[in-house]
Each structure stands twice: as C-alpha cells, then as structure tokens.
Amino acid sequence: RDGAYHRLTVEDGLADNLVKDIYEAEDGDLWLATGRGLSRYNGKTFVNYTRQDGLVNEDVRRIQPGEDGVLWLATADGLCALDAHGLVPWSAKDGLKNQDGGLVQVSAIQEMPNEGVWLGGGAGIFRCDGEQISQVEQLAGMRGVSDMHRAADGTMWFGGDGLWKYHRSTRSPDAAH
C-alpha cells in the first residue's frame, strides 16, 4: 500500500472527533462540521466556532458554500451564515419553524442560483432568500428531508421518506417516478 494515514482529533484542536461534513475552501483550508462546533483547519492549526461565537447550535451537520463567499451551516437548531463579519444565526423567529412553532433541525442544505438557499429537515423543505425563511408548501407524504442534491439541469432532488424531485417547470415538488 502506498501512503499513510494520519488522524487528527480534539487533542490536536479539532472541535469534536465526530466530523459530519468537510468543505475545502479555495485557499485550501478545510471547514469541518462537527457535533461540537465548526472547525477550520489550515494544515497546521484549528480555529473553532461555537455558540459563544454565534452558532445557533454546536451540532453542525452540513456546510454549503455560497456564491457570495458565505458559508451556510445546517445545524440541529436552525441555520447559520458565516461571512466576513462573523456568524449570523437564523432560527424560528426568521421563519425556520415547524408546524408547532418550534425550531427546525436542518440536515440538508443546497444553494440554488437566483433562488436562495434550500434547507431540508424533519419539518420538510424551506427556502432562505437572505432576508427571511419560508417553508415550501407542505407536501402530503413528505415527513422529512435528510439530503438534497441540485442536478446539472437545475432539478432539485430530495431524499428522506422516499425520493422527491422538484420540477423547475411546474415549480412543485412531487414523488419521483
């Protein structure tokens, strides 16, 4: 076998040993979603972001780079945007709430050109336009979204309780056939 493995852990400065998502920035830094915050690794040292820095929840599940340089962070209690000014939390008061008014656990995130950021979780599908968050209509049979993908043709695919496809022409999600 060629190569060697090297493990980095909390002893090295990582926020948590459970790494859920990894994003490599254009500068080569790694951004790591963990169960205890967001870590940035420059190849030598870690910088960690927690609730004290503005995360709505330290259980960061997904990282989605935005076209404008923002990093969108899906967490167990909402959404955060990390920009040059720091962390900006989005939560129930911004429209990210379930039918009972409680916080939404965000498990999937995808930016759509000219349509904002799409979010998926136990309460369905939401869209953030940068100023507010709104829920995409409640769909019969959709009980949650665990992952999403934007295809090259712009079609959105949602995984969770089955596979759902968002048809851009009809602008309405339906069960994939």
Side-chain angles (χ1 to χ4, degrees), residues 1-94 96-98 102-113 115-130 133 144-152 156-160:
R1 297 181 198 182
D2 293 336
Y5 291 95
H6 177 74
R7 182 177 181 223
L8 298 171
T9 67
V10 294
E11 288 81 23
D12 301 296
L14 182 63
D16 187 36
N17 287 339
L18 178 58
V19 176
K20 300 178 179 188
D21 198 12
I22 301 170
Y23 166 68
E24 183 177 6
E26 289 182 16
D27 63 5
D29 285 1
L30 293 180
W31 289 90
L32 309 156
T34 80
R36 294 193 177 162
L38 176 70
S39 292
R40 182 176 189 166
Y41 182 63
N42 65 7
K44 296 179 183 177
T45 59
F46 288 94
V47 174
N48 297 313
Y49 299 82
T50 64
R51 276 199 168 131
Q52 292 176 337
D53 301 299
L55 280 176
V56 293
N57 187 293
E58 291 180 359
D59 185 1
V60 181
R61 297 174 173 190
R62 295 277 192 268
I63 302 167
Q64 174 67 42
E67 291 182 354
D68 54 2
V70 171
L71 282 185
W72 294 95
L73 310 170
T75 79
D77 284 334
L79 174 71
C80 274
L82 178 62
D83 63 18
H85 305 290
L87 286 162
V88 178
W90 295 75
S91 61
K93 67 179 174 48
D94 302 301
L96 188 57
K97 55 188 169 191
N98 61 30
L103 291 172
V104 172
Q105 294 186 11
V106 179
S107 56
I109 188 167
Q110 179 69 55
E111 187 172 50
M112 283 286 285
E115 292 191 40
V117 177
W118 288 56
L119 313 168
I125 306 167
F126 293 80
R127 248 189 301 212
C128 176
D129 65 7
I133 297 174
V145 175
S146 58
D147 201 5
M148 61 178 65
H149 172 74
R150 180 173 54 99
M156 288 292 292
W157 292 94
F158 303 94

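- Residues M148 and G120 come closest through the heavy atom pair CE-N, 3.3 Å.
- Atom CG of L55 sits about 6.5 Å away from atom CG of L38, to the nearest 0.5 Å.
- For the atom pair CG of L73 and CG of N57, the computed distance is 11.5 Å after rounding to the nearest 0.5 Å.
- One finds the OG atom of S146 at 11.5 Å from the CZ atom of F158 (value rounded to the nearest 0.5 Å).
- Closest non-hydrogen pair, A108 versus V145, comes out as CB-CG1, 4.3 Å.
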Residues Q110, V117; criterion side chain to side chain contact (heavy atoms under 4.5 Å, CB included); working and verdict: CA-CA 6 Å; Q110 179 69 55; V117 177; over 6 Å; no

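- Going from atom SG of C128 over to atom CD of E111 covers 10.0 Å, rounded to the nearest 0.5 Å.
- One finds a salt bridge joining R61 and D59 here, because a Lys/Arg side-chain nitrogen approaches an Asp/Glu carboxylate oxygen to under 4.0 Å.
- The shortest heavy-atom contact between V88 and W90 is O-CD1, 3.4 Å.
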CA sep, side-chain torsions, deciding dist, call: R7, L14, side chain to side chain contact (heavy atoms under 4.5 Å, CB included): CA-CA 11 Å; R7 182 177 181 223; L14 182 63; over 6 Å; no

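- Scanning all heavy atoms of the two residues, the minimum distance from V56 to C80 falls at N-SG, 3.4 Å.
- To the nearest 0.5 angstrom, I22 atom CD1 is 11.5 Å from T34 atom OG1.
- Smallest separation of non-hydrogen atoms from A15 and S39: N-OG, 3.0 Å.
- A donor-acceptor pair under 3.5 Å links the side-chain atoms of D21 to the main chain of I63, judged by distance alone.
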Side chain to side chain contact (heavy atoms under 4.5 Å, CB included) between D12 and Y41, worked out: CA-CA 10 Å; D12 301 296; Y41 182 63; over 6 Å; no

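- For the side-chain hydrogen bond (donor to acceptor under 3.5 Å, both in side chains) with R40, the lone residue among T45, N48, D29 that qualifies is D29.
- Within the model, atoms CG of L32 and OH of Y23 stand 12.5 Å from one another, a figure rounded to the nearest 0.5 Å.
- At distances below 3.5 Å, at least one donor-acceptor pair connects side-chain atoms of N17 with backbone N or O atoms of V10.
- Taking a 6.0 Å sphere around CZ of R36, one finds it holds 12 or fewer heavy atoms contributed by other residues, nucleotides or ligands.
- The two atoms that bring V106 and A74 nearest to each other are CG1-CB, 3.3 Å, heavy atoms only.
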Step-by-step side chain to side chain contact (heavy atoms under 4.5 Å, CB included) determination, F46 to L8: CA-CA 10 Å; F46 288 94; L8 298 171; 4.0 Å; yes

